[in-house]
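Presented below is the structure to which this report refers.
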Amino acid sequence: MIRIAIVGGGISGLAAAFELEQQRRSGVEVEYVLYESSPRPGGVLRTEHIDGCVVEAGPDSFVSEKPWAADLCRALGIGDQLIGSNDADRKTYILTRGRLVEMPDGLMFMVPTKILPTGLSSLFSWKTKVRMAQELYHPPRVAEQDESVAAFVERHYGTELVDRLADPLLSGVYGGEAANLSVRAVLPRFAEMERAHGSLGRAMLAARKKMKGSRKSVPPLFTSLRNGMQSLAATIVSRLMPTSLLTNIAVQSVRAEAGRWVVSAGSNSSHFDRVIIALPARAAAEVLQNASRELAAELAAIQYTSSITIGLGYDREVRQSLPPGFGFLVPRNEGKLLLAATFVHNKFPQRAPENRALLRCFFAGSNAEKVWPLSDNQIVGIVRKELQEIVGLRAEPLFARVYKWKSAMAQYGVGHLDRIDRIERLRQQLPGLALAGNAYRGIGVPDCVRSGRDAAKGMMKS
Ligand SMILES: Cc1cc2nc3c(=O)[nH]c(=O)nc-3n(C[C@H](O)[C@H](O)[C@H](O)COP(=O)(O)OP(=O)(O)OC[C@H]3O[C@@H](n4cnc5c(N)ncnc54)[C@H](O)[C@@H]3O)c2cc1C
């Protein structure tokens, strides 16, 4: 019988536990224990049901392009609960000099692929539009070193595109700034496009042409679950052996001893053959201090930012008065604290009854730190003031919820992938130890699912 400990019950740890549970059910001699410090497994996956609305406190969906989270839902038997974003009404606005400007059609992430809509858009100055045309002649380039997303995008399109698009788009995903994020870790496809094609515009056009020829139906951009993201965590929990799940127990240390692993939590220590650490990097560094100081130091160097989401419910009149589309992003130089707002009732119509508007507002990074010490009421006050300035929304919300996430979003800084290689080498010196979570090769839910699943599969091979 192989005994495996999983430390951390967010989606990464739960995905690892489910993989082990499946192996156990198929007859493999494996026993696992999952330690979770809070009373509720799921980590940042948290959903509240308020006034008929499905309010997401943490992630609200995941990109459909990465299959691992949807595959997990199907393996759990909740594939019928998957819902796609309402892409027919997909429109995103960027606040530009105080006005909401629609992102032009054909913009793939930040790369223009349609001349007319981009040329006519008031989102960009003429200088940037000329840069976009010139970019089509960018020569292939093999970068010797990693660089920031801001430096990379600036080389292709200039600073305006960094400020108006790259930075707000990435802040919405990583809660960090384009100037600090690694292009190789965060936009590996773009770095590869530059190497192979030179121009990102030409590379995207070539990719679009291929897609058109393939006749495959295009899936919705985002996928979620009808009853909210927490239902994914709850379903996994319901499939695990109840005795395998230890909640309210924080692990203090994990160390190797005589070829086995000792997991210490509270006054208890238990022995295992293998351990999966599925924690945010800083917490992983703390528990691994006695296993390898070098590994702990590398883990501790991965930075995290904090974020705050605010769920606001309104009545039918507000729903009718808001612009169509998925919501808006706010570039830093617009002088607001809000970073983004999603019109959830449009993005996922199943999330709110027809007589309700559901908004999800987002603060991240330094802006989240600024409002962090304020009370929930004060934070809602700031959100309402900025919503009034941006979309003219004066109405009193029917409900408002504030969710604070301290140091929950990993920042893949310049050189991140080199650090991950060093971490991997140090980990290999500790047989029977695996790492999973959002610190390594993908911050989104699908990547976390994959990291947990692969860590568990790896344990059964080693
Ligand atoms: C506000 C927000 C919005 C997001 N939006 C999206 C989105 O829309 N789409 C998307 O794909 N991704 C999104 N993400 C990212 C994604 O949700 C996370 O990266 C992912 O869920 C992290 O899962 P995890 O299991 O690695 O970590 P976590 O969810 O952080 O789980 C770690 C767990 O470890 C536990 N723990 C900590 N220390 C100990 C200890 N010593 N002993 C035992 N247990 C411990 C914690 O209590 C926690 O439950 C968002 C993240 C945030 C914060």
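For ligands, and for the atoms within them, numbers begin at 1 and follow the listed sequence.
Close contacts of ligand 1 with G444, meaning ligand atoms under 4.0 Å from a residue heavy atom, involve 10 (C), 11 (O), 12 (N). Heavy-atom contacts of Y35 reach the following atoms of ligand 1: 43 (C), 44 (N) (cutoff under 4.0 Å). Less than 4.0 angstrom separates some heavy atom of A408 from each of these atoms of ligand 1: 53 (C). Residue N438 approaches ligand 1 through these ligand atoms, each under 4.0 Å from one of its heavy atoms: 18 (C), 19 (O), 22 (C), 26 (O). Set against the non-hydrogen atoms of I249, the atoms of ligand 1 under 4.0 Å away are 43 (C). Near G437, meaning under 4.0 Å from any of its heavy atoms, are these atoms of ligand 1: 26 (O). Near L45, meaning under 4.0 Å from any of its heavy atoms, are these atoms of ligand 1: 21 (O). Remark: ligand 1 atoms within the under-4.0 Å shell around heavy atoms of M409 are 2 (C), 3 (C), 4 (C), 50 (C), 51 (C), 52 (C).
For ligand 1, the polar-atom distance check finds an N/O of I11 within less than 3.5 Å of one of the ligand's N/O atoms. Between T309 and ligand 1, no N or O atom pair is found at a separation short of 3.5 Å. The shortest N or O to N or O distance between W405 and ligand 1 is not under 3.5 Å. At a 3.5 angstrom cut-off on N or O pairs, V251 counts as close to ligand 1. In terms of polar-atom proximity, defined here as any N/O pair under 3.5 Å, S12 does make such a contact with ligand 1. When only interatomic distances are considered, the shortest N/O to N/O separation between V44 and ligand 1 falls below 3.5 Å. Checked against a 3.5 angstrom limit, the closest N/O atoms of V445 and ligand 1 fall inside it.
A donor and an acceptor atom, one from each side chain of R332 and S171, are located under 3.5 Å apart. In this model, a donor atom of one side chain and an acceptor atom of the other lie less than 3.5 Å apart for T305 and Q411. Side-chain atoms of R351 and S224 form a donor-acceptor pair, as typed in the model, at a separation below 3.5 Å.
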Worked verdict on I379 versus K404 for side-chain contact (heavy atoms from CB on, under 4.5 Å): CA-CA 11 Å; I379 292 176; K404 290 180 170 173; 3.6 Å; yes

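Residues R356 and H345 form no side-chain contact, since every pair of their non-hydrogen atoms from C-beta on lies 4.5 Å or further apart. Counting heavy atoms from C-beta outward, K385 and I382 have side chains that stay 4.5 Å or more apart. M241 has its side chain within reach of Y32: a pair of non-hydrogen atoms, C-beta onward, lies under 4.5 Å apart.
Looking at atom 31 (O) of ligand 1, its nearest protein heavy atom turns out to be G10 CA, 3.3 Å. Ranking the protein heavy atoms by distance from atom 13 (C) of ligand 1 puts P59 CB, 3.5 Å first. The protein non-hydrogen atom at the shortest distance from atom 32 (C) of ligand 1 is P280 CD, 3.8 Å. Counting protein heavy atoms only, atom 20 (C) of ligand 1 is closest to C448 SG, 3.7 Å. Annotation: atom 35 (C) of ligand 1 to nearest protein heavy atom, E36 OE1, 3.3 Å. Ranking protein heavy atoms by distance to atom 37 (C) of ligand 1, first place goes to L279 CD2, 3.6 Å.
Under the 4.0 Å criterion applied to side-chain N and carboxylate O atoms, E294 and R422 are not assigned as salt-bridge partners.
Summarising the geometry of A178 relative to L170, their closest heavy-atom pair is CB-CD1, 4.5 Å, with the distance given to 0.1 Å. Heavy atoms only, all atoms of each residue included: S307 and M409 are closest at OG-SD, 3.8 Å. Scanning all heavy atoms of the two residues, the minimum distance from L82 to C73 falls at CD2-SG, 3.8 Å.
Note on ring orientation: taking the six-membered ring where Trp is involved, the planes of F152 and F190 are tilted (angle from 30° to 60°). Aromatic ring pairs are classed by plane angle as parallel below 30°, tilted from 30° to 60° and perpendicular above 60°; the pair F328 and F343 is perpendicular.
A distance of 11.0 Å separates OH in Y35 from CD1 in I6, rounded to the nearest 0.5 Å.
The presence of a protein heavy atom under 4.0 Å from atom 41 (N) of ligand 1 is confirmed.
In this structure, S182 contributes its side chain and Y412 its backbone to no donor-acceptor pair below 3.5 Å.
In the candidate list A250, A410, S61, S61 is nearest to atom 9 (N) of ligand 1, counting heavy atoms. Between S37, A16, G43, it is S37 that holds the heavy atom closest to atom 36 (N) of ligand 1. Residue nearest to atom 16 (C) of ligand 1, selected from I443, D447, D60: I443 (by heavy-atom distance).
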